[in-house]
Peer 1: 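Questions regarding the structure given below will be posed in turn.
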Amino acid sequence: MTQSYFVRSEMQEALPPPGQTTGIVAWARANLFSSPGNTLMTLLGFAFIAWIVPPLYDFFIARAVFTDPEQLRGAACRIEDVGACWIFVKARFQFFIYGFYPDDQIWRVNLMFVLGVILLIPLLVPKAPFTRTAALLFFLVYPVVSYFLMTGGVFGLSVVPSAEWGGLTLTLIIAFVGIIASLPIGILLALGRQSKLPAVKLFSVAFIELWRAVPLITVLFMASVMFPLFMPRGIDPDTLLRAIIGIIFFESAYMAEVVRGGLQAIPRGQYEAANALGLSKVKTMVFIILPQALKHVIPGIVNTFIALFKDTSLVSIIGIFELLRAVRSAGADPNWISPTMAVTGYVFAGFIFWVFCFGMSRYSIYMENRLHTGHKR
Amino acid sequence: MSTDMETVPHADRTKMTVSDTDVAVEINKMNKWYGDFHVLRDINLKVMRGERIVIAGPSGSGKSTLIRCINRLEEHQDGDIIVDDIELTDDLRRVDEVRREVGMVFQHFNLFPHLTVLQNLTLAPIWVRGTPKVEAEEMAMKYLERVKIPEQASKFPGQLSGGQQQRVAIARSLCMNPKIMLFDEPTSALDPEMIKEVLDVMVQLAEDGMTMLCVTHEMGFARQVANRVIFMDQGQIIEENEPEEFFSNPQHERTKLFLSQILH
């Protein structure tokens, strides 16, 4: 009898296993070599890394001078073919941070930093307790306390004139005061520019256009050289104070325009709804318009803050020893002169600036996400 | 432009009473210009307490402008507007007084996007009326329950549907305990499904005796709720009548044309 049906009696040979879908190879295949174009870009990228990284590593780490056991100072970095002169940064570190502030008084600066950080934490971290108290202390009490801590003359603290302040401390002071003051002034100017009162409007427009049209260097020169000529004999406000006021005015003009951009983005319906509820103009601004307008322009505001932070280095041209100037003048010490010392110092200063600016940038992105209240696409 | 009677719940007219003596809004010979453009011409309107007035008309006829003049979102140049015995002039204090008594609901809701629903509702009571926060929040929850969305209190407006947002906007106005409510095309920006939930709330409000002026294209709502329909064209009130008469027996040619286009 012939069979009318068929049953396979042997297993079919197994298919080859699929290519790897996990692990480094699979990841690289999916992300780096998924197409000829991407493969080319990846190879170019690798080539660039190979070209740029070894020399950097070589200069900053392999051939760099990290220790100076024999107290050679500059001589240690004058040896042929030597890399970054880290011992210079290490030896002058205190000067870079505190400037000419007297050694035995440095605890005052440190105390100021510590107080600032303690007060900043509740302000920067959402849902931390005591936000309101911390804000009051930070914006009203802290500046006064810091001023007296730095200057002295009270509670038996010795007087340290501002000419002895310097380094990163001074950079932070200028940037902090500039940031804290330029935002509210900028907001007032932006509102003033929209005002229906001609005098207020004219003043705001004139202020903004004047300060924005002048280079900051000019402002600083005017503050340090021209300004005293107009003052009566004997009255000589502190150079640092004059520079800070110049920076505040300059940056608040920029800030005003940033804020104005935000104000223009608010639909008229928001004003109408607030009016219809009977909110006064001031309350409408404070509760409805400004919170939204400022949120819109956080990137612009932080951009201005970052610019301000870096612009503080310009005060060096009027003889104020902020971080960059401190680094430069430390390099003028004949004990330390060596081919790579200047580069090392600048890299160090640049890195410090970068850390602070990058921190501000990241924090602003975090804030934007946190304040986002609609649907996220 | 829904005209289906089904979109509007049955309204109990017996609950709606109109006062004979108590005037809510009085407008005499009011004129308004935008530059050279004459937007409102010789408007005369007397609204008694408890009236529900629907203002209809083609776009550009000045309906919205008219009700926006009542809480002075727009200034009039000529004539008088007296709201709740307060005459509207340049005096800002009077304007504020009027705005405290008059609630307004907008076509595009105009909720405050940076505040939660609850904060949207409590902001004005707290900062304009000086109501303590706890009390304001209790009242806000009461009105959120009335518009049937108490569970959305802690959300932001951007997370709600259009109909929900408009109900929040109505609740926000009610939190100020207004004597008069103005509605400026409250359902025009909504999907058909959401129109009903908003109209429900408005009917309920009418049944509670609220004085209402509504600019709307919801003719079903006009039939069910309004005690008067006003038809405007080119800045003038050209016809006003009780809803039955208005729809069945329009007098003016322009009204007939409008109704023939809007009703089907």
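All figures in this text were calculated on a predicted structure; none of them were measured in a lab. A, B, ... follow the sequence lines: proteins, then strands. Residue 1 opens every chain.
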Peer 1: Got a sec: does the OH of A/Y363 have more than 12 other heavy atoms crowding it under 6.0 Å?
Peer 2: yes
Peer 1: How many angstroms lie between CE in B/M176 and CG in A/L277, if you round to the nearest 0.5 Å?
Peer 2: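 Answer rounded to 0.5 Å: 6.5 Å.
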Peer 1: Does CD belonging to B/E193 count more than 12 external heavy atoms closer than 6.0 Å?
Peer 2: no
Peer 1: Measure the CZ-OG1 distance between B/F112 and A/T284 for me, rounded to the nearest 0.5 Å.
Peer 2: 7.5 Å
Peer 1: Taking side chain as everything from C-beta outward and backbone as N, CA, C, O, which of these in B/L111 sits under 4.5 Å from a heavy atom of chain A? Side chain, backbone, both or neither.
Peer 2: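 When you check distances to chain A, only backbone atoms of B/L111 fall under 4.5 Å.
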Peer 1: Output the residues of residues 54-72 of chain B for which the shortest heavy-atom distance to chain A is under 4.5 Å, in residue-number order; output 'none' if no such residue exists.
Peer 2: B/R68, B/N71
Peer 1: I'd like to know if the side chain of B/H114 reaches the main chain of A/F287, judged simply by a donor and an acceptor atom lying under 3.5 Å from each other, with no hydrogens or angles considered.
Peer 2: yes
Peer 1: Mind checking the CG-CZ spacing from B/N110 to A/R268? Nearest 0.5 Å is all I need.
Peer 2: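 Separation between the atoms: 10.0 Å.
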Peer 1: What's the shortest heavy-atom distance between B/R99 and A/G278, and which atoms?
Peer 2: CB-CA, 4.0 Å
Peer 1: Does atom NZ of B/K148 have more than 12 heavy-atom neighbours, drawn from other residues, nucleotides or ligands, at distances under 6.0 Å?
Peer 2: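 Check passes, neighbour count above 12.
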Peer 1: Please identify each residue that fulfils side chain to side chain donor-acceptor pair (under 3.5 Å) with A/S34, with sequence neighbours left out.
Peer 2: A/N38
Peer 1: Would you indicate whether A/R362, at its atom CZ, is surrounded by more than 12 heavy atoms from other residues, nucleotides or ligands within a distance under 6.0 Å?
Peer 2: no
Peer 1: Flag the one option from A/G269, A/P291, A/A274, A/S280 with the top tally of heavy-atom pairs under 4.5 Å to chain B.
Peer 2: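 Looking at each of A/G269, A/P291, A/A274, A/S280 in turn, A/G269 comes out on top.
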Peer 1: Drop me the distance from A/I288's CD1 to B/L123's CG, to the nearest 0.5 angstrom.
Peer 2: 4.5 Å
Peer 1: Heavy-atom distance under 4.5 Å to chain A: side chain of B/F106, backbone, both or neither?
Peer 2: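 The answer is the side chain of B/F106.
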